[in-house]
There are 2 protein chains.
Amino acid sequence: MRADARRNREKVLKAGRKCLADDGFDAQMEDIARRAKVGVGTVYRHFPTKDALVEALAAERFKGLTEKAREALDNPDPWAGFAEFMHYSASVQANDRALSEIMGARPEVMSEAAEESGLFEPVSELIAKAQKAGSLRRDVVPEDVPLLMCGLARAPRRGSKGPESNWERYLGIVLDGLRAPAITKLPPPRG
Amino acid sequence: MRADARRNREKVLKAGRKCLADDGFDAQMEDIARRAKVGVGTVYRHFPTKDALVEALAAERFKGLTEKAREALDNPDPWAGFAEFMHYSASVQANDRALSEIMGARPEVMSEAAEESGLFEPVSELIAKAQKAGSLRRDVVPEDVPLLMCGLARAPRRGSKGPESNWERYLGIVLDGLRAPAITKLPPPRG
DNA sequence: ACATAATCGGAACCTGAGTTCCGATTCCGG
DNA sequence: CCGGAATCGGAACTCAGGTTCCGATTATGT
């Protein structure tokens with residue numbers, strides 16, 4: 001691949017990260033091109049479609065999540081490890097509108113990216129460890145995490161400017177709801 | 001107003017409820033017209049704009065919420081009253097995609113509808129009562145309710161068919177997170 | 001029943017945003 | 001340094017979906 005091509009590809013990715021984080025899926029290809037100081041044609045040469053670009057960037061983010069989940073497994077306190085991962089996930093989503101939209105409204109994209117990045121396994125372990133330690137309620141399953149995450153990411157975005165959001169309040173409440181012992185009985189998971 | 005006009009208005013509202021509940025804001029005016037067995041022109045005579053229709057229907061829903069909140073105040077058990085309201089709100093949103101989108105992504109519309117319907121007052125009372133009774137954590141404020149609600153409504157919609165959703169699991173977790181005593185300390189609310 | 005005016009229906013219009021296309025430009029091997 | 005191929009840029013195209021418009025239709029007062 002020619003040198004300028006690779007350079008432009010990077011510029012597109014960088015611009016895409018910023019625009020998608022700010023405006024979510026509504027971000028416009030022209031804006032991305034402009035920010036990358038590149039023509040739209042160039043964007044399309046590297047990513048045949050807007051979806052393709054979005055998915056490529058989503059994959060990046062999921063890789064980051066997986067890494068963080070593995071890292072959190074090293075935390076000697078199982079509950080702290082679990083909470084650490086939840087906090088990281090929430091903050092990532094709070095700063096990336098596109099990611100939270102995918103979590104909330106594109107199950108296919110999400111489950112594929114999760115698959116690809118191997119996110120499921122370390123998250124399951126985090127949960128199992130915390131449950132075994134008696135700090136996480138017994139009736140949560142790994143599938144609940146995206147469920148909770150999605151809410152975490154979406155709720156906060158009142159208006160759209162800056163990270164003046166309440167996601168940390170939200171996370172605090174959810175974390176307390178996840179602690180053992182459970183009080184409210186949950187219906188069995190479906191899906 | 002002529003008799004047929006009023007009749008058509010009702011048909012449009014009914015069709016709008018159904019289409020918006022199913023497809024959210026993406027519902028198309030043509031679909032609504034078709035379902036109402038009416039031309040698009042007729043829809044536009046009654047509601048000058050898609051937004052106007054959406055807002056009219058949102059107002060309906062908020063009226064229902066307000067009513068339910070007042071009703072829940074009669075519950076002799078303050079916590080049960082609060083939970084009853086939360087459960088009702090969540091189920092309404094789980095069955096109305098447009099409503100949950102408004103809650104999640106249109107603060108202006110939401111706060112206006114909430115204002116209009118007088119929702120804030122009974123909700124504040126519900127919270128105050130449950131806190132006084134010692135069953136609801138002290139650090140929640142009325143503004144947290146939409147925050148939580150939004151998540152409740154959004155997370156569940158994996159795929160888009162039917163109410164095969166997990167919102168009740170979600171609600172159960174959040175309710176436990178709202179119980180006193182709080183463990184995780186929340187940052188102060190902003191906004 | 002008739003005149004009049006409101007209402008209806010849906011084709012046509014307009015706008016915004018994703019995508020395509022191709023002449024101009026830039027890179028790289030000989 | 002040159003030729004040709006890969007890459008670039010952005011004007012033009014396309015299509016979807018909200019909105020407008022107006023001749024046809026239907027309700028209401030006399």
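Letters go in sequence order (proteins before strands), and every chain restarts at 1.
- In this structure, the CE atom of A:Met29 is 10 Å from the P atom of C:dT20, given to the nearest Å.
- Taking 4.0 angstrom as the limit, A:Thr49 places none of its side-chain polar atoms (N or O) nearer than this to OP1 or OP2 of C:dG18.
- In this structure, the CD atom of B:Glu30 is 15 Å from the C1' atom of C:dC8, given to the nearest Å.
- In this model, the phosphate group of D:dG9 is approached by a side-chain N or O of A:Thr42 to a distance below 4.0 Å at OP1 or OP2.
- The neighbour count for B:Lys18 NZ, taken as heavy atoms of other residues, nucleotides or ligands under 6.0 Å away, does not exceed 12.
- Between the C1' atom of D:dA6 and the NE2 atom of A:His46 lies a distance of 11 Å, rounded to the nearest Å.
- Mapping A:Gln28 and A:Gly41 onto DNA chain C by nearest heavy atom places A:Gln28 at the nucleotide closer to the 5' end.
- At most 12 non-hydrogen atoms from other residues, nucleotides or ligands lie less than 6.0 angstrom from CD of B:Glu112.
- Going from atom CZ of B:Phe47 over to atom P of D:dT19 covers 13 Å, rounded to whole Å.
- Within the 4.5 Å cutoff, side-chain heavy atoms of B:Glu168 are placed close to those of A:Pro187.
- In plain terms, the two heavy atoms of B:Val140 and B:Asp144 that are nearest each other are CA-OD2, 3.4 Å.
- Under 4.0 angstrom from either OP1 or OP2 of C:dT7 there lies no side-chain N or O belonging to B:Asn8.
- As a whole-Å value, the separation of A:Glu10 CD from D:dC8 P is 13 Å.
- Residue A:Arg34 contributes atom CZ, which lies 12 Å from atom C1' of C:dA17 at whole-angstrom precision.
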Between N or O atoms, less than 3.5 Å apart, protein on one side and nucleotides 25-27 of chain D on the other: list the pairs.
from   : atom 1 : to     : atom 2 : distance (Å)
D:dT26 : O2     : B:Arg2 : NH2    : 3.4
D:dA27 : O4'    : B:Arg2 : NH2    : 3.3

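- B:Ala36 comes within 4.0 angstrom of nothing in the nucleic acid, heavy atoms only.
- The nearest whole Å value for the distance from the CZ atom in A:Arg35 to the C1' atom in D:dG9 is 19 Å.
- Nearest to the side chain of B:Tyr44, among D:dT19, C:dT7, C:dG18, sits D:dT19.
- Of the candidate nucleotides C:dT7, D:dT7, D:dA11, D:dT7 has the atom nearest to the side chain of A:Arg45.
- Taking CG of A:Asn8 as the reference point, atom CZ of A:Arg45 lies at 9.0 Å (rounded to 0.5 Å).
- Each of A:Arg35, A:Gln28, A:Arg34 was evaluated against A:Asp31; a single residue qualifies, A:Arg34, per the side-chain hydrogen bond (donor to acceptor under 3.5 Å, both in side chains) test.
- Atom pair A:Met1:CE and D:dT7:C1' shows a separation of 11 Å (rounding to whole Å applied).
- Checked by atom type and distance alone, the side chain of B:Asp176 never pairs as donor or acceptor with a backbone atom of A:Leu178 at under 3.5 Å.
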